[in-house]
Protein chains: 2
Amino acid sequence: MSLRYESQKNITHYMCDRSRSLTLPMLVNLLLEVSEEQSSELSRDESYLKARGVNWIILRYEFSVSRMPDLKETVNIETRASEYNKLFTYREFVVKDSSGKVLLTVDTTFALMDLSTRKMVRLTDEIVSPYQATASRRIRRSEKPKELTDFDDCNQRTFDVRYFDIDGNGHVNNAHYISWLLDSLPSDFLKSHEVSWGVIAFDKEVSEHQSIDSLSMRRKERGTATDHQIKSEAAVHCKASFTWKKLNKEEH
Amino acid sequence: MSLRYESQKNITHYMCDRSRSLTLPMLVNLLLEVSEEQSSELSRDESYLKARGVNWIILRYEFSVSRMPDLKETVNIETRASEYNKLFTYREFVVKDSSGKVLLTVDTTFALMDLSTRKMVRLTDEIVSPYQATASRRIRRSEKPKELTDFDDCNQRTFDVRYFDIDGNGHVNNAHYISWLLDSLPSDFLKSHEVSWGVIAFDKEVSEHQSIDSLSMRRKERGTATDHQIKSEAAVHCKASFTWKKLNKEEH
């Protein structure tokens, strides 16, 4: 059984949206903070990886949200690297409230990127073994974001990469993609809905001085679901699908 | 003597820029987190203010930076509301490293905004007294941002307000203004310089669905200084001036 790590986090103002709930981009920041804490404890932090010319990149998130944490709430974030194969490690996160009730879970897929070639490289035992994850030959086939079906009927918003979007890996940080994805949806929709499930697949890096289009559309079926793409002239960088529930919270 | 409050914060990845230093927008987020902790301790947190139809807004920051905190550093943030008059309270922050060395200081001016009229209102004893700040009739005359002298020669970048820029006060949060201010400067300049001093004066709210221009220019004098404005069609929302020092840190 792989090593479990847990950490408590306080949800403060800057992490929340106008309705005083933790935002999805900040959720991701906090999850990665906790996984980096575990890596530090196991002497496998970012400086260890950089000394070997590599760093973790994230290829996929899958969120299942019962309730997003509220402002001033203290949550417990548990994580473990559950399984790995030659290219990927699968890391799970569970976020609980102070009474131990599960608020949300997030499954992620990590890979190692060579920082000079910008390509994925095989995982090494030296890097992976301290997490005590289960080795497996199997590459998981997990649910993918749905394709956009009607590009003429999309919401579209263009974003220029900003200086502070670029992280220590020299590309736009994951959390900013999530803001772009959500920010193409109408404000009235975002105000009145909360993500209950979502999958985000990252395909290609976005670099400084690039400009991207964030496209989204509401699916024509029962329930409330949206499908998304982040595109540049050169490529599709990211796809995502979300299901939503109506927010009951009073607007402040 | 006014009540001092202190809190330790760990500087994590999402708070840092590509050179692994705390960003100015995240510094401001952390300072306000600490002042809100003090307010909670004194039973004067945001919910107390909202129940009275008001909330704090920040009119001015003045930064003096010896060194910005680094990734993984644990810093001690001290704050106190030093003085108040009928309209303003002056709050000071001191950020120290783990050995007690002062890294930076920030002086701020807070005022109370009526949440329905969106206008400033007089401070009341009930709200202010727990901080034990010194009452004064004097309204401080502090250093102002310099005016832009040549609008034809400015850097200019346009920003559309994003959904997540809006905070619980229903306007763009302060920290986002700071990203806009800095993001108008060329990337090569930001990569190679660090703020050593700065003053930011907030004049008018920016609301959802607005678009603003961030203008900046390098001052034609010895040393490295920049002057800034955030403008919409309707108004000047914010002015700022910064002095900079060359960054010696190796780029990662």
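Keep in mind the model is a prediction, meaning the values are calculated, not measured.
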Quiz item: Which one of A:D165, A:D183, A:T12 has the most heavy-atom pairs closer than 4.5 Å to chain B?
Solution: A:D183
Exercise. Please flag which part of A:S187 lies under 4.5 Å from any non-hydrogen atom of chain B: side chain, backbone, both or neither.
Key: both
Quiz item: Relative to each other, are the rings of B:F159 and B:W180 parallel, tilted or perpendicular (30° and 60° limits)?
Solution: parallel
Quiz item: Is B:R18 close to B:K191 at the side-chain level, that is, under 4.5 Å between some pair of heavy atoms?
Solution: yes
Quiz item: At a heavy-atom separation under 4.5 Å, does A:N173 approach chain B through its side chain, its backbone, both, or neither?
Solution: neither
Exercise. Establish, from distance only, whether the side-chain atoms of A:S116 and A:D114 form a donor-acceptor pair under 3.5 Å.
Key: yes
Self-check item: Atom group of A:E37 that falls short of 4.5 Å from chain B, counting heavy atoms
Solution: neither
Exercise. Select, from A:F164, A:Y14, A:Y163, the one with the greatest count of heavy-atom pairs under 4.5 Å involving chain B.
Key: A:Y163
Quiz item: When the ring centroid of B:F63 is compared with that of B:F242, is the distance short of 6.0 Å?
Solution: no
Practice problem: Just do the side-chain hydrogen bond (donor to acceptor under 3.5 Å, both in side chains) check on A:T74 and A:Q8 with the steps written out, would you? | Solution: CA-CA 7 Å; A:T74 299; A:Q8 290 201 330; 6.0 Å; no
Exercise. Please confirm whether the backbone N or O of B:W244 pairs with a side-chain atom of B:H193, one donor and one acceptor, at under 3.5 Å?
Key: no
Practice problem: Among the options A:E36, A:E46, A:M15, A:R162, pick out the one with the most heavy-atom pairs lying under 4.5 Å from chain B. | Solution: A:R162
Practice problem: Check each atom of A:D160 against the heavy atoms of chain B and say whether the ones under 4.5 Å are side chain, backbone, both or neither. | Solution: both
